[in-house]
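So you know, we letter chains A, B, ... as the sequences are listed, proteins then strands, and number each from 1. Please read all numbers here as calculations on a predicted model, not as lab measurements.
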2 protein chains.
Amino acid sequence: MADASFELDGQGPLYEQIRKAIARKITGREWRPGHRIPFENEMTAALGVSRMTVNRAINALVSDGLIVRRRKAGSFVAEQSTLDAPLTILTAEAEACANGATYRYELLSRSVSPAIRDAMTADRFGPGTSLVCIEARHMANGQPMMAERRWINLDVVPAAANEDFKTIAPGAWLLKHMPWSEAEHVISALAADGDLARHLEIASGAPCLRIERRTWIGDATITFVELNYPGDSKKLVGRFQPLTGGRGNEKRS
Amino acid sequence: MADASFELDGQGPLYEQIRKAIARKITGREWRPGHRIPFENEMTAALGVSRMTVNRAINALVSDGLIVRRRKAGSFVAEQSTLDAPLTILTAEAEACANGATYRYELLSRSVSPAIRDAMTADRFGPGTSLVCIEARHMANGQPMMAERRWINLDVVPAAANEDFKTIAPGAWLLKHMPWSEAEHVISALAADGDLARHLEIASGAPCLRIERRTWIGDATITFVELNYPGDSKKLVGRFQPLTGGRGNEKRS
DNA sequence: CAGTGGTCTAGACCACTGC
DNA sequence: CAGTGGTCTAGACCACTGT
């Protein structure tokens, strides 16, 4: 009913055209937050397409957060309260490469020890877990672009005990040798202390962007790593374009 | 062929069971990166389901980045080179609320002026654009949790000229009055300068996490905002769980 | 309890692409 | 040019839920 006057642009697959047509109604304020969009069978009839096609279009908008669906009630334009933007975290080498910079990896230290009773290791891996601790830094065009401190769980990845990580970065090595089933990221800003400042070659007390990543396989923590970037570098989190095509992503130094 | 010995767990929709079964093969290292997974018609036959169902399961894994598909060649386990984590950026009020904190909004300054030839405004909005500039801060439990500096394009949102923003935060106001079609986020760390440090009530030179957000409607920039958080606060970017269910997301102070 | 969305099927045609 | 995935259909049954 009402004006299901959709204007499909004839570009690309049908479900994409329908998705964009609905997104256009929303971003054009014709359908406000809370507004009930036409039922699936109404669109099906109005557009002369199968219900599966309409369903696919709307479901894409649901995962984009623009539509909320309720059985028996209908589908509604969501309140735009949050922004979900994809943050793509590349390996340091891939990031340097993407920026056209020359890349070099430097191992700073490597040691094996059990997780003691400190917050950094015991809480995350469990007391007594065998760990290898690695400090390294990644250079782009001869300048430090990132310094990392990492712990790897040897109970889960015993092969890491035989790797010296002198030529290959632990992150890249893990990606080749170990799958993960779950990852968590925490972002914060901090003042670089003596060690970190020296590794990044910035003034002590200078701001620094830290991404902490914890990776699991099943219930076991594979690795925990602090990725530290000089404060003047910027991370492009991502672009979200519900109208034109969905989610894009790039990266800047 | 080969071992398409899938073990569906009987939990939830068929396409979800199939998706999890494939994800299990991958995270369990049975199917390594580069490995060709069974063709759709093979799985269809092996599982006794419709091809659309298999297709839906695999497509979900494609958007999770675990599978790459090539016509005529087949579907392959992707190289796990990047991590895509969804970062949910709530309004300050929603974030405080989620942490069970009392929330208060404070307008610090408001002014109207055209975009001059400075990098902050003219580059983003175009020279001469009428802008309203707002400085404000958001308090959680009486402590500054975030200070923002924002420019709003009056050519696009003329109603903003009549709003004093004394009681409602500009972010919340915009969400109610203006849709966006595209958003971009940039994260960086910086040392708080005099003004910012005073607003956040932190020492001058203390680290600070900044999220810059630029929002578009069509080709026009609606607003550009700097969200500044004290460096000791942490942003939980999100959890990505390809095996169990997909993407989760929370937030910490 | 009627109507919505959620899922699933058994086909079909087509575009692209590797051989 | 044969085979893969990409898309689409016209049905169907069911779970949930608002009235």
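In this structure, A/Arg56 contributes its side chain and A/Arg19 its backbone to no donor-acceptor pair below 3.5 Å. For B/Asn99 (side chain) and B/Ala101 (main-chain N/O), no donor-acceptor pair under 3.5 Å exists by modelled atom type. In this structure a side-chain-to-backbone donor-acceptor pair under 3.5 Å is missing from B/Thr221 to B/Trp216. Put simply, the side chain of B/Gln17 gets close to the backbone of B/Gly12: a donor and an acceptor are under 3.5 Å apart.
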query: Can you give the dot-bracket line for DNA chain D, where a pair is Watson-Crick or G-U wobble with both atom distances under 3.5 Å, crossing pairs use [ ], and | marks a partner on another strand?
result: ||||||||||||||||||.

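The two residues A/Leu8 and A/Ala21 make their nearest non-hydrogen contact at CD2-CB, 4.0 Å. For B/Ala220 against B/Val156, the heavy-atom pair with the smallest separation is CB-CG2, 3.7 Å. Among all heavy-atom pairs drawn from B/Leu154 and B/Ala161, the shortest one is CD2-N, 3.5 Å.
Residues satisfying the ring pair (Phe, Tyr, Trp, His ring centres under 6.0 Å) test with A/Phe39, not counting sequence neighbours, are none. Residues that satisfy the salt bridge (Lys or Arg N to Asp or Glu O under 4.0 Å) test with B/Glu226, not counting sequence neighbours, are B/Arg149, B/Arg210.
Scanning DNA chain D 5' to 3' for nucleotides with an atom closer than 4.0 angstrom to a non-hydrogen atom of chain A gives a first and last hit of D/dT7 to D/dG18.
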Protein and nucleotides 17-19 of chain C: nitrogen or oxygen contacts under 3.5 angstrom:
none

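Every pair passing salt bridge (Lys or Arg N to Asp or Glu O under 4.0 Å) that includes a residue from residues 68-78 of chain A is listed here, sequence neighbours excluded: A/Glu40-A/Arg69.
Mapping B/Tyr15 and A/Ser75 onto DNA chain C via the closest heavy atom, the residue that lands nearer the 5' end is A/Ser75.
Among the heavy atoms of the strands lying under 4.0 Å from B/Asn41 are primed sugar atoms or P, OP1, OP2 only; no base atom is included. Among the protein residues, B/Leu14 comes within range of the sugar-phosphate backbone only, with heavy atoms under 4.0 Å from sugar or phosphate atoms but none that close to a base. Within the nucleic acid shown, A/Arg56 comes within 4.0 Å of sugar-phosphate atoms alone, with no base atom in reach, counting heavy atoms only.
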